[in-house]
> 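Okay, handing you the structure first.
Excluded from the calculations below are hydrogen atoms, water molecules and symmetry mates; all remaining heavy atoms, backbone and side chain alike, are included. Numbering of residues begins at 1 and proceeds along the displayed sequence.
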Amino acid sequence: MNNPESVNPVPDGADHARKLLETRRSVPARQLAAPGPDRSTLLRMLTAAVRVPDHGRREPFRFITIEGPARVALGNQLADIALATNPDAAPATIEKDRKRFCHAPLVVAVVAVLDEEDTRIPAQERLLTAGCVCFSLLLAAQAEGFGAQWLTGWPAYDDGVCTTLGLTAQERIAGFIHIGTPTQDAPERERPDPADLLTAWQP
């Protein structure tokens, strides 16, 4: 009988990859500060992030970076949109929106491209691919020594915000990935036991 280890040898770096997956955690955006990744590091992270399942090779995603003064400008526009939508909103709520993108030094908006004319690949599958990109970018950020958090909130679903960011009618925000250097240890939370979630189908 063949030794199973000889049939499927553990590749170099497997323990490191497993540890990265098993210890992945989000760092709240408010706990992220400079420095963030430089351009070459960001491109390396994105190179890893785009290696996701993609039915039909549609590449249904793209990226928008929000950094530097652009974070403040976008926050001001968020505040204006929020106030126009709800003139009675509490000042603290408006101020929270104004500072929404001002904590982490870099925010990457992952845009899902949902071409309605593409009838062969369901839109949901393309959206799931963009979601995989969001998660892969979180892993890539942690692998590079940064902290990151995947956020959406109302700005991800607001037509005015999407227009401000230059999205087309067939595009949606899959997530805002906030990336920076953690200012404190990332919080941990209880995780589910996969055995409790596992069932075996029987005919």
> Counting only heavy atoms not in Glu59 (residues, nucleotides, ligands), do more than 12 fall under 6.0 Å from its CD?
no

> With a 6.0 Å cut-off (strictly less than), is the heavy-atom count around CG of Asp38, excluding the residue itself, greater than 12?
yes

> Would a hydrophobic clustering, with Ile, Leu, Val, Met, Phe, Trp and Tyr connected at side-chain separations under 4.5 Å, put Leu167 with Phe61?
no

> Other residues, nucleotides and ligands only: do more than 12 of their heavy atoms fall within 6.0 Å of CZ on Arg62?
yes

> What residue among Phe101, Trp154, Trp150, Tyr157 forms ring-ring contact (aromatic ring centres under 6.0 Å, His included) with Phe176?
Phe101

> Quick check: is Leu106 connected to Ile66 through a chain of hydrophobic side chains (ILVMFWY, heavy atoms under 4.5 Å apart)?
no

> If you compare all heavy atoms of Ala141 against all heavy atoms of Ile179, which two are closest, and at what distance to 0.1 Å?
CB-CG2, 4.2 Å

> Examine Leu46 and Phe135 and state if one hydrophobic cluster contains both, with Ile, Leu, Val, Met, Phe, Trp and Tyr joined whenever side-chain heavy atoms are less than 4.5 Å apart.
yes

> Taking Leu21 as the starting point, is it possible to reach Leu197 by hopping between hydrophobic residues whose side chains are less than 4.5 Å apart?
no

> Tell me, yes or no, whether the heavy-atom count around Asp159 atom CG, taken from other residues, nucleotides or ligands under 6.0 Å, exceeds 12.
no

> Taking the side chain from Thr183 and the backbone from Gln31, do they hold a donor-acceptor pair closer than 3.5 Å?
yes

> Quick check on Gln124: does its CD atom have over 12 non-hydrogen neighbours (other residues, nucleotides or ligands) under 6.0 Å away?
no

> Can you tell me if Arg51 uses its side chain to pair, donor with acceptor, with the backbone of Ala48 under 3.5 Å?
no

> Return the minimal non-hydrogen interatomic distance between Gly180 and Leu32, and the atom names on each side.
O-CD2, 3.8 Å

> Any chance you could lay out the side-chain contact (heavy atoms from CB on, under 4.5 Å) test for Glu144 and Thr41, step after step, and finish with the verdict?
CA-CA 8 Å; Glu144 293 285 350; Thr41 303; 3.8 Å; yes

> Can you give me the closest heavy-atom contact between Ala156 and Ile173, atom names plus distance?
O-CB, 3.6 Å

> Test Arg58 against Glu125 for salt bridge (charged side-chain N to carboxylate O under 4.0 Å, His left out), laying out the working first.
CA-CA 10 Å; Arg58 292 300 194 261; Glu125 293 190 16; over 6 Å; no

> What do the steps show when you test Leu139 against Arg24 for side-chain contact (heavy atoms from CB on, under 4.5 Å), and what is the final call?
CA-CA 7 Å; Leu139 289 172; Arg24 193 217 67 80; 3.6 Å; yes

> Measure across Ala29 and His103 and return the closest heavy-atom pair with its distance rounded to 0.1 Å.
O-CB, 3.1 Å

> Tell me whether Arg126 contacts the main-chain N or O of Asp118 through its side chain, where contact means a donor paired with an acceptor under 3.5 Å.
yes

> Do any N or O atoms from the side chain of Thr129 and from the backbone of Pro53 form a donor-acceptor pair under 3.5 angstrom?
yes

> Phe63 pairs by side chain to side chain contact (heavy atoms under 4.5 Å, CB included) with which of Ile177, Leu42, Val111, Val50?
Val50

> Looking at Thr181 and Pro35, would you say the former's side chain and the latter's main chain have a donor-acceptor pair under 3.5 Å?
yes

> Answer yes or no: is there a side-chain heavy-atom contact under 4.5 Å between Leu20 and Gln142?
yes

> Any chain of hydrophobic side-chain contacts (each under 4.5 Å) joining Leu83 to Leu78?
no

> Kindly indicate, with the supporting measurements, whether the criterion side-chain contact (heavy atoms from CB on, under 4.5 Å) is fulfilled by Glu171 and Leu114.
CA-CA 6 Å; Glu171 294 181 324; Leu114 309 176; over 6 Å; no

> Carefully, step by step, assess Glu95 and Arg98 under the rule salt bridge (charged side-chain N to carboxylate O under 4.0 Å, His left out).
CA-CA 5 Å; Glu95 191 62 19; Arg98 191 183 306 278; 3.3 Å; yes

> Side chains of Leu74 and Thr164, heavy atoms from C-beta outward: is any pair under 4.5 Å?
yes

> Give the minimum heavy-atom separation between Pro37 and Met45, together with the two atoms involved.
CB-SD, 4.0 Å

> Could you tell me the separation between the NE2 atom of His178 and the CG atom of Leu138, rounded to the nearest 0.5 Å?
10.5 Å

> Grab the two heavy atoms, one from Ala49 and one from Val52, that are nearest each other, plus how far apart they are.
O-CG1, 3.2 Å

> So how far is it from Asn76 CG to Arg71 CZ, rounded to the nearest 0.5 Å?
12.5 Å

> At what distance, to the nearest 0.5 angstrom, does CG of Leu151 lie from SG of Cys134?
10.5 Å

> When rounded to the nearest 0.5 angstrom, what is the spacing between CZ in Arg39 and CD in Glu67?
9.0 Å

> Measuring from atom CG of Asp97 to atom CD of Gln77, what distance do you get when rounded to the nearest 0.5 angstrom?
13.0 Å

> I'd like to check Ile81 versus Val161 (side-chain heavy atoms, cut-off strictly below 4.5 Å). Are they in contact?
yes

> Got more than 12 heavy atoms from elsewhere within 6.0 Å of CZ, Arg191?
yes

> Are the side chains of Val27 and Gln149 in touch, meaning some heavy atoms are under 4.5 Å apart?
no

> Could you walk me through whether Arg57 and Asp54 pass salt bridge (charged side-chain N to carboxylate O under 4.0 Å, His left out), step by step?
CA-CA 5 Å; Arg57 294 185 292 181; Asp54 179 8; over 6 Å; no

